[in-house]
Protein chains: 2
Amino acid sequence: MNKKRTTIKDIANVLNISAAAVSKALHDDSRISKKTKLEVKRVAKELNYQPNHLASALRRGKSNLVGVIVPRTNSNFFSSVIEHMEDVLNKAGYNLIITQSNESFEKECRNIDTLLFTQVDGIIASMANETVDLSYFEKIKSNNIPLVLFDRGENDLNVDYIGINDYESSHMIIKHLVEAGCKRIAHIGGYRRTRIFNNRIRGYIDAIKKHNLPHDDELLIESNLTLEDGRIQMKKLLTLKNCPDAIYVASDAAALGALQVLNENNIAVPDDIRLVGFGNEPFTSLVTPSITSVNQHSEQIGQIAAETFLELVQSKDLKQTLNKKILDAELIIRDSSK
Amino acid sequence: MNKKRTTIKDIANVLNISAAAVSKALHDDSRISKKTKLEVKRVAKELNYQPNHLASALRRGKSNLVGVIVPRTNSNFFSSVIEHMEDVLNKAGYNLIITQSNESFEKECRNIDTLLFTQVDGIIASMANETVDLSYFEKIKSNNIPLVLFDRGENDLNVDYIGINDYESSHMIIKHLVEAGCKRIAHIGGYRRTRIFNNRIRGYIDAIKKHNLPHDDELLIESNLTLEDGRIQMKKLLTLKNCPDAIYVASDAAALGALQVLNENNIAVPDDIRLVGFGNEPFTSLVTPSITSVNQHSEQIGQIAAETFLELVQSKDLKQTLNKKILDAELIIRDSSK
DNA sequence: TATATTTGCTTAAACGTTTAAGCAAAAGTA
DNA sequence: TACTTTTGCTTAAACGTTTAAGCAAATATA
């Protein structure tokens, strides 16, 4: 009927030594004898001792918690990133607090407050689409909390970043479509204020020029890239006098919307119009025809983001050099562009 | 250049009162004057005071953290449950630590250890498919930590549970298929050791009998319900001399696998074979033909699970009556069974 | 042998809160 | 007036751990 949990004091009482000695024994301090260490560990196990994480965190001034903010967990990319981040950080003794912003700036701000309140040792985040005002992220920095961004980053913040080479990815996609014989390629992109979408757009424009294809304003569209956006923008593209023969869509969800519209209008994919998405979400291989897409290496991004965070806390005082790690993405060619 | 964060002592010094008075003022204690409260709050804001969560948690013996364990976050059902749980719990002052087991028993055990180590005030979990050994969940109970299960529960554990009526859902599905004229209905289910899958199987068997349809052993299959399982089991069903005219699959992923095989074999859905999935994952409405499925009311489940947890902590000492809340599911009829 | 070093512990303070107990002054009551 | 009650604070201890400082005994060094 022992309501109370065992503490190091309980162990100390059993062995008639001080609580300090117990603490040191549990941490394998060199000034504690082998014999005492063994006895302490034995009693700890016997009494089912669980260290009080709050007390040690309070004393040591760190919580061993890392806050994670993602636009949503319900995406293969983000949940995979998180999984691999967790692997690395758990091994280093950190636990994760995962929060989702649902692409809302307001929710993101509340998440940041929550994480700061919870005394996390650092924050690894991917920004909401809506976010333009960076004051809340500045708040993290001014609280001296290590911050690492991935995928959705922001140059102005001057923090470590891990992402893929969006500019190059666009080049890769356009090259693939050109080689397949496409002459008129449209791009349904995100809003330029988000760095990754801006890079994809820049890559698209430069690649189009490089291959001497027409760079027509009506072929370049900005949107929120939801499935519904994909539908709307695809319908708009179909009304053009001079219809494109390929569409590069900056998200898989929007690409799926576009595909639905094409199917509904009995336009053959890839024969009449070729289609490429972005993100390599599982459903891209499940729909008919399967959608060509870009693998963003979520495993590596998660792992590297975690490692970057660890470097950051380990070298906290020394003036840190900025880390921007850009991975090459991989084009997964499927039926929609074959 | 103030490295240190502001504490209540700093506020106390500014106002020449005791730290205790500051603490009480911040908590609107009735024994502190209005004037002092206002001043304390003003100074707190001025100094950008952030309460040290660890210290207050240590002192009060509770962390205001709730641990969540789900098989995976990359599922619309679970991420939606989490989102709505978060809404309720944030309002009540709790934060979430989300962990995923990836359907692995081992990972689930490690997650439980992690959460206990982090001193969570309670755990809300949905069990991994693999889990049969309940000792780790018993460990939660024996640590006196409130435990609430949802979706994937377990009768033997005797803890609060929120889920849908799986047995009734099967009846609903069979009724729908019978009304559509089906005479020979197969079921690709999960393993009976998991309660929800057992209930779906029982519902299937009883409904089949009720409608005087043939209950053939070869029509009832147990599997892991992954997409690949759906493909394999569907191929097996197609080899039967007496082929079914409808398939009820206990997960959307497996239903999709089955659909792929049917499409590849040029078997018309729904004309030759009708298909029903379970879970109402977004892709069910996106594939061709769209898949009839069951909406599990993730929003309500998340909300009720959170509320159940709150009831549990509020009435911790009084002998708690067991809460099992079973919601009615909703059949979403789509092209695959029309 | 006398002195220095190492070993193995102890004591006590600290981390930032909360809270029980207490005390003086103000306000209320008879 | 003399008392009780209320108000508005303070003091001090506690939560469970870590850690700097210190001290005696054992061991090494000269």
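Chain A is the first sequence line, chain B the second, and so forth, proteins listed ahead of strands; every chain is numbered from 1.
- Around the CD atom of B:Glu106, the shell of radius 6.0 Å holds no more than 12 heavy atoms that belong to other residues, nucleotides or ligands.
- Going from atom NZ of A:Lys62 over to atom P of D:dT18 covers 13 Å, rounded to whole Å.
- Between B:Ser23 and C:dT17 there is no side-chain polar atom (N or O) within less than 4.0 angstrom of OP1 or OP2.
- Rounded to an integer number of Å, the gap from CG of A:Asn64 to C1' of D:dT18 is 14 Å.
- Residue A:Phe137 forms a side-chain contact (heavy atoms from CB on, under 4.5 Å) with just one option from A:Val159, A:Ile123, A:Leu149, and that option is A:Leu149.
- If you check the side chains of B:Gln50 and B:Thr6, you find no donor sitting under 3.5 Å from an acceptor.
- The backbone N or O of A:Asn74 lies less than 3.5 Å from no partner atom in the side chain of B:Asn74, so there is not a single donor-acceptor pair.
- Geometric assessment of A:Arg110 against the ring of A:Phe105 yields a negative cation-pi assignment under the 6.0 Å and 45° thresholds.
- The separation between B:His53 atom NE2 and C:dT17 atom P is 12 Å, rounded to whole Å.
- Ring-plane geometry between A:Phe309 and A:Tyr94 is classed as perpendicular, the angle between the planes exceeding 60 degrees on a 0 to 90 degree scale with a lower cut at 30.
- Residue A:Asp28 contributes atom CG, which lies 15 Å from atom C1' of C:dG8 at whole-angstrom precision.
- Taking atom CG of B:Leu26 as the reference point, atom P of C:dG16 lies 16 Å away to the nearest angstrom.
- Taking the six-membered ring where tryptophan is involved, the planes of B:His53 and A:Phe117 are tilted, since the angle between them lies from 30° to 60°.
- Taking atom CG on B:Asp29 and atom C1' on C:dA20, their separation rounds to 12 Å, with Å as the unit.
- In this structure, CG of B:Asn52 is placed 10 Å from P of C:dT18, rounded to the nearest angstrom.
- Below 30°, between 30° and 60°, or above 60°: for A:Phe77 and A:Phe150 the angle between ring planes is between 30° and 60°, a tilted geometry.
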Short N/O separations, protein against nucleotides 9-13 of chain C, under 3.5 angstrom:
| from | atom 1 | to | atom 2 | distance (Å) |
| --- | --- | --- | --- | --- |
| C:dC9 | OP1 | A:Thr36 | OG1 | 2.8 |
| C:dC9 | OP2 | A:Ser33 | N | 2.8 |
| C:dC9 | OP2 | A:Ser33 | OG | 2.9 |
| C:dC9 | OP2 | A:Thr36 | OG1 | 3.0 |
| C:dT10 | OP1 | A:Ser18 | N | 3.1 |
| C:dT10 | OP2 | A:Ser18 | N | 2.8 |
| C:dT10 | OP2 | A:Ser18 | OG | 2.5 |
| C:dT10 | O4 | A:Lys24 | NZ | 2.7 |

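- Here the C1' atom of nucleotide D:dG16 and the CZ atom of A:Arg60 are 13 Å apart, to the nearest Å.
- For the segment residues 6-14 of chain A, residues with any heavy atom less than 4.0 angstrom from an atom of DNA chain D are, sorted by number, A:Thr7, A:Ile8.
- OP1 or OP2 of D:dT18 sits under 4.0 Å from a side-chain N or O of A:His27.
- Between the side chains of A:Ser33 and A:Thr36, at least one donor N or O lies within less than 3.5 Å of an accepting N or O.
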